[in-house]
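Worksheet: the structure to be examined is printed underneath.
When reading the values below, keep in mind they use all heavy atoms of this one structure, side chains included, and skip hydrogens, waters and symmetry mates.
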Amino acid sequence: MTGDDASRASLATSLGVTVSPELLELAMTHRSFAYEHGGLPHNERLEFLGDSILGQAVTVMLYRENPTLDEGELAKRRASLVSSVALAEVARSIGLGEHIRLGRGEVLTGGSDKSSILADTVEALIGAVYLDRGPEVATDFVLSLIRPLLLSPERFGAAMDPKTSLQEMAARLGRGLPTYAVTDSGPDHSKRFHAVVSLGGVPAAEGDGSSKKQAEMAAALEAWSALQSSTPA
């Protein structure tokens with residue numbers, strides 16, 4: 001068994017579902033790797049498909065399992081469950097980052113742990129499962145990834161609403177109200193956003209995303225995690 005074969009086998013075990021080697025490899029290929037290797041196919045089309053499958057599966061699950069919730073509350077819960085920050089935490093819990101094929105620049109800047117890359121790869125995997133195994137298996141796969149967010153609030157609660165979690169912890173510790181500074185880069189059709197969150201005027205963490213909101217959420221989760229780890233139990 002080659003190193004690539006072993007990596008795919010390990011990933012399949014973590015995912016709990018088998019996918020054709022070709023689709024799995026495509027799902028794990030970031031555009032930075034593709035560009036550095038002569039314009040190989042990359043995972044953004046699968047990501048586009050997976051985003052739709054993810055949204056539908058979560059929407060139906062929330063509707064069926066919460067008959068007393070109104071539209072507004074359902075929409076709020078769906079947004080938190082499918083956010084890039086929450087998906088990135090799911091990706092970290094299964095060690096997804098080590099399997100992503102990244103270009104040299106992304107490797108050097110820690111791309112395997114960037115929330116935006118991790119979340120996009122989760123969506124690409126969902127798309128690959130849908131194409132290879134069909135809608136029912138894809139839906140089951142989505143729910144297997146998402147349910148830990150609901151069942152383990154002590155671990156994932158901050159990932160579902162990091163800005164509120166950070167604000168509450170900062171207030172409890174007397175660190176002041178979080179403030180965010182956001183910059184953007186890239187062309188209008190493909191902008192990337194970078195956020196810095198400060199506590200008491202002191203920069204506390206940074207985050208990136210495909211929107212201002214996602215970048216702020218990523219920065220908030222990083223800051224919350226840092227406070228959590230430094231606060232005595």
Side-chain angles (χ1 to χ4, degrees), residues 1-34 40-55 57-58 80-133 137-152 155-156 158-160 162 192 207-210 214-215 217-218 221-222 225:
M1 181 180 289
T2 67
D4 286 344
D5 290 339
S7 178
R8 282 195 291 265
S10 172
L11 177 57
T13 299
S14 298
L15 298 177
V17 64
T18 57
V19 185
S20 74
E22 294 78 15
L23 274 173
L24 186 58
E25 183 172 283
L26 179 59
M28 301 306 294
T29 301
H30 187 257
R31 65 177 178 270
S32 63
F33 182 93
L40 295 173
H42 53 75
N43 65 7
E44 290 185 357
R45 280 173 52 85
L46 283 177
E47 175 196 334
F48 170 78
L49 175 62
D51 176 67
S52 179
I53 306 305
L54 169 70
V58 170
S80 69
L81 288 170
V82 304
S83 74
S84 292
V85 175
L87 292 179
E89 287 302 288
V90 170
R92 292 185 181 103
S93 75
I94 59 175
L96 189 62
E98 65 185 87
H99 300 284
I100 302 174
R101 302 204 299 172
L102 297 168
R104 179 172 174 78
E106 285 292 353
V107 170
L108 293 175
T109 57
S112 63
D113 195 50
K114 288 183 179 177
S115 292
S116 57
I117 291 177
L118 289 170
D120 290 347
T121 305
V122 169
E123 291 180 338
L125 281 170
I126 293 169
V129 172
Y130 178 88
L131 290 178
D132 194 52
R133 303 294 304 279
V137 174
T139 295
D140 289 343
F141 177 58
V142 168
L143 298 184
S144 75
L145 295 175
I146 294 301
R147 287 203 183 279
L149 296 171
L150 300 171
L151 300 176
S152 302
R155 179 176 182 183
F156 292 105
M160 293 175 67
R192 300 298 300 175
D208 298 289
S210 57
Q214 292 294 345
M217 289 172 65
L221 183 61
E222 290 296 324
S225 298

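Within the 4.5 Å cutoff, no side-chain heavy atoms of N43 are placed close to those of E123. Within the 4.5 Å cutoff, side-chain heavy atoms of L81 are placed close to those of L150.
In this structure a side-chain-to-backbone donor-acceptor pair under 3.5 Å is present from S83 to S80. A donor-acceptor pair is defined here as one N or O able to donate and one able to accept, closer than 3.5 Å; such a pair exists between the side chain of R133 and the backbone of T18.
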Expected list for residues 114-122: side-chain donor-acceptor pairs under 3.5 angstrom, two or more places apart:
from	atom 1	to	atom 2	distance (Å)
K114	NZ	E106	OE1	2.9
K114	NZ	T109	OG1	3.4
S115	OG	R92	NH2	3.1
S116	OG	R192	NH2	2.8
T121	OG1	I117	O	2.8

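Put simply, NE2 on H99 and CD on E25 are 13.5 Å apart, with the number rounded to the nearest 0.5 Å. Atom CG of L96 is separated from atom CG of L15 by 7.0 Å, given to the nearest 0.5 angstrom.
Residues satisfying the side-chain hydrogen bond (donor to acceptor under 3.5 Å, both in side chains) criterion with S14, sequence neighbours excluded, are absent altogether. Remark: S225 engages no residue in a side-chain hydrogen bond (donor to acceptor under 3.5 Å, both in side chains) (not counting sequence neighbours). Qualifying side-chain hydrogen bond (donor to acceptor under 3.5 Å, both in side chains) partners for S32, counting only residues two or more places apart in sequence or in other chains: H30. With sequence neighbours excluded, the residues satisfying side-chain contact (heavy atoms from CB on, under 4.5 Å) with A27 are L46, A124, L125, A128. Every residue meeting the side-chain contact (heavy atoms from CB on, under 4.5 Å) condition with V107, not counting sequence neighbours, appears here in chain and number order: L102. Scanning for side-chain contact (heavy atoms from CB on, under 4.5 Å) contacts around D208 gives H194, with sequence neighbours left out. For R31, the side-chain contact (heavy atoms from CB on, under 4.5 Å) criterion is met by Y35, H42, E44, not counting sequence neighbours.
In Y130, the OH atom is not crowded: 12 or fewer heavy atoms of neighbouring residues, nucleotides or ligands sit closer than 6.0 Å.
A138 approaches I53 most closely through the heavy-atom pair CB-CG2, 4.2 Å. The two residues V58 and I146 make their nearest non-hydrogen contact at CG2-CG1, 4.1 Å.
Pairs passing the salt bridge (charged side-chain N to carboxylate O under 4.0 Å, His left out) check and including a residue from residues 13-23, sequence neighbours excluded, do not occur.
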Trace of the side chain to side chain contact (heavy atoms under 4.5 Å, CB included) decision for V129 with V142: CA-CA 10 Å; V129 172; V142 168; over 6 Å; no
